[in-house]
Participant: 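Structure below; questions to follow.
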Amino acid sequence: MGIFDRAPLELVVYELAEGDDGYGGTVPVRGKRHVLRVFAQPIDADDNSSQGWTEPGRYKILARDFPTFRWGEVEFEGRKWTVSEYPRKHGGSKRTQFVSAAIERRGSHGLGRPADE
């Protein structure tokens, strides 16, 4: 059993889907829900680092495997996140292959934890 088989964090991903807009066209809608076990590596922090505390604004998401379709919406740590780097598979042996993606916090940076609306 490798380290990727013991991922400690939960990430909820919704598929990118399209629905009828009522005028003959389509609009983006929330698709099927997937709950994933992942590792989250901070990429950078927000603007509060000069005040002596930081909160990561972006994360690299790593796991043994997860769906590589285009993610429509992501929930992590009770908040909504934007996908800034879509999922991709990294090859190698069966023991070393993994999947990664990058997510970015929604809302204003530097103002604490704003409501995600």
Participant: Under the side-chain hydrogen bond (donor to acceptor under 3.5 Å, both in side chains) test, which residues partner T82, sequence neighbours left out?
Facilitator: R106
Participant: Name all residues meeting the salt bridge (charged side-chain N to carboxylate O under 4.0 Å, His left out) criterion together with D21; count only those two or more places apart in sequence or in a different chain, and write none if there are none.
Facilitator: none
Participant: Just how far is it from atom CZ of F98 to atom CZ of R88, taken to the nearest 0.5 Å?
Facilitator: 8.5 Å
Participant: Ignoring hydrogens and geometry, is there a side-chain-to-backbone donor-acceptor pair from W71 to P67 under 3.5 Å?
Facilitator: yes
Participant: Check residues 28-37 and write down every donor-acceptor pair under 3.5 Å in which the side-chain atom is one partner and the other belongs to a residue at least two apart or another chain.
Facilitator:
residue	atom	partner	partner atom	Å
R30	NH2	E73	OE2	2.5
R33	NE	Y14	OH	3.4
H34	NE2	E15	OE2	2.8
R37	NH2	P8	O	2.8

Participant: Under 4.5 Å between any side-chain heavy atoms of R105 and R79, yes or no?
Facilitator: yes
Participant: Are F66 and Y86 linked, directly or through intermediate hydrophobic residues, by side-chain heavy-atom contacts shorter than 4.5 Å (ILVMFWY only)?
Facilitator: yes
Participant: Under the rule for side chain to side chain contact (heavy atoms under 4.5 Å, CB included), what residues qualify as partners of L9, not counting sequence neighbours?
Facilitator: V38, A40, F76
Participant: Taking the side chain as C-beta and beyond, is there a heavy-atom pair between K80 and V74 under 4.5 Å?
Facilitator: no
Participant: Just wondering, do K89 and D65 contact through their side chains at under 4.5 Å, heavy atoms?
Facilitator: yes
Participant: Does some side-chain heavy atom of E77 sit less than 4.5 Å from a side-chain heavy atom of Y59?
Facilitator: yes
Participant: Apply side-chain hydrogen bond (donor to acceptor under 3.5 Å, both in side chains) to E85 and list each qualifying residue two or more places apart in sequence or on a separate chain.
Facilitator: K60
Participant: Show the numbers, then the answer: is there a side-chain contact (heavy atoms from CB on, under 4.5 Å) between I61 and L11?
Facilitator: CA-CA 9 Å; I61 303 299; L11 181 82; 4.0 Å; yes
Participant: With sequence neighbours left out, what residues match T26 under side chain to side chain contact (heavy atoms under 4.5 Å, CB included)?
Facilitator: E18
Participant: How close do W81 and E104 get, heavy atom to heavy atom, and via which atoms?
Facilitator: CE3-C, 3.3 Å
Participant: Under 4.5 Å between side-chain heavy atoms, counting indirect links through other Ile/Leu/Val/Met/Phe/Trp/Tyr residues: same cluster for V83 and L16 or not?
Facilitator: no
Participant: Could you measure the distance from the CD atom of Q41 to the CG atom of L62? Nearest 0.5 Å is fine.
Facilitator: 6.0 Å
